[in-house]
Amino acid sequence: MGLLESKESRHKHIRKIVDRVFNYFAGDSGNNYITFQELYTAVLLVYNDINKHLPGPHYDPPTREEVHDMLKTFDANQNGVLDREEFASFIESFTSKVAKRVSQNFLIFTVAAPALALLTKRATENTPGVGKVVRKIPNAVFASVVTAFVLLLENLNDKSSP
């Protein structure tokens, strides 16, 4: 899914994911619903993929209690499990929140931080004392170091947040 994808296209992609994940978990048990444990496992798998494949900070998955609360929210008939449509609603909400955060961090770490690094480098190249050293550092190395520093600050900020 791209960052600038249409809402209809996004919905089609989400529906394919819903059907694949639902069939995987419901197919294993032979039921037409997903239990809390299966839902929690699915959420952990999503976060694992996000952390493996996307730039930026590590994303902590929701706790078991948070997933349990989300299950209660989307369990329309209050039977303690999610049928296909309840699961679809859960995934639509869940993925929109995660996608927003990932998109923001993607822009920060692929566009904003490197651009800021190059602007900083250009501004310091004529500074007496450090200018000669800064000019010797290749742009790619300078941008990588500054981006890594921004990532470190982001991780420290995430750890200090309640």
Side-chain angles (χ1 to χ4, degrees), residues 1-22 24-25 36-74 82 87-162:
M1 276 188 278
L3 292 175
L4 302 176
E5 185 174 39
S6 74
K7 191 173 189 176
E8 182 179 320
S9 178
R10 181 181 178 277
H11 180 74
K12 286 179 184 178
H13 279 93
I14 296 295
R15 193 60 201 211
K16 285 180 185 177
I17 293 168
V18 165
D19 289 340
R20 188 176 73 237
V21 172
F22 189 87
Y24 175 79
F25 284 106
F36 165 73
Q37 186 57 45
E38 293 165 334
L39 180 65
Y40 186 64
T41 301
V43 168
L44 292 178
L45 289 171
V46 167
Y47 272 84
N48 186 49
D49 280 352
I50 288 170
N51 286 324
K52 275 199 285 189
H53 301 292
L54 297 176
H58 173 82
Y59 299 95
D60 290 328
T63 65
R64 292 180 67 83
E65 292 77 23
E66 290 169 326
V67 173
H68 191 30
D69 290 343
M70 291 188 296
L71 180 134
K72 288 179 187 176
T73 300
F74 290 95
L82 297 182
F87 182 65
S89 296
F90 169 84
I91 292 296
E92 283 281 345
S93 175
F94 175 76
T95 57
S96 68
K97 292 173 186 171
V98 171
K100 181 179 177 184
R101 185 169 176 213
V102 168
S103 294
Q104 289 171 343
N105 284 334
F106 181 79
L107 289 173
I108 289 170
F109 293 103
T110 61
V111 177
L116 177 64
L118 294 177
L119 288 172
T120 303
K121 183 176 189 264
R122 193 164 291 132
T124 57
E125 284 177 340
N126 295 324
T127 304
V130 295
K132 288 180 183 180
V133 174
V134 171
R135 279 192 294 272
K136 291 180 181 180
I137 302 172
N139 288 345
V141 172
F142 195 85
S144 297
V145 168
V146 172
T147 302
F149 182 71
V150 170
L151 178 60
L152 176 66
L153 290 177
E154 176 74 18
N155 283 336
L156 290 173
N157 186 39
D158 282 351
K159 288 179 183 176
S160 66
S161 298

Please find the pair of heavy atoms, one from Tyr40 and one from Pro62, that lie closest to each other, and give the distance.
CE1-O, 3.7 Å

Would you sort out whether Phe36 and Arg64 count as a side chain to side chain contact (heavy atoms under 4.5 Å, CB included), showing the intermediate values?
CA-CA 9 Å; Phe36 165 73; Arg64 292 180 67 83; 3.3 Å; yes

Take the angle between the ring planes of Phe22 and Phe87 and call it parallel below 30°, perpendicular above 60°, tilted in between.
tilted

Between Glu125 and Val134 the two heavy atoms that sit nearest each other are CG-CG1, 3.8 Å

Hey, what do you get for CZ (Arg122) to CG (Asn139), rounding to the nearest 0.5 Å?
7.5 Å

Of all the heavy-atom pairs spanning Ala117 and Ala143, show the shortest one and how long it is.
CB-CA, 3.6 Å

The test is side chain to side chain contact (heavy atoms under 4.5 Å, CB included); show your working for Thr41 and Leu45 and say whether it passes.
CA-CA 6 Å; Thr41 301; Leu45 289 171; 4.2 Å; yes

Pick out which of Thr124, Asn126, Val130 makes a side chain to side chain contact (heavy atoms under 4.5 Å, CB included) with Arg135.
Asn126

Leu82 vs Leu39, side chain to side chain contact (heavy atoms under 4.5 Å, CB included): CA-CA, chis, key distance, verdict
CA-CA 8 Å; Leu82 297 182; Leu39 180 65; 3.9 Å; yes

Rounded distance (nearest 0.5 Å) linking atom CD of Glu66 with atom CE of Met70:
7.0 Å

Under 3.5 Å donor-acceptor, Ser93 side chain and Ser89 backbone:
no

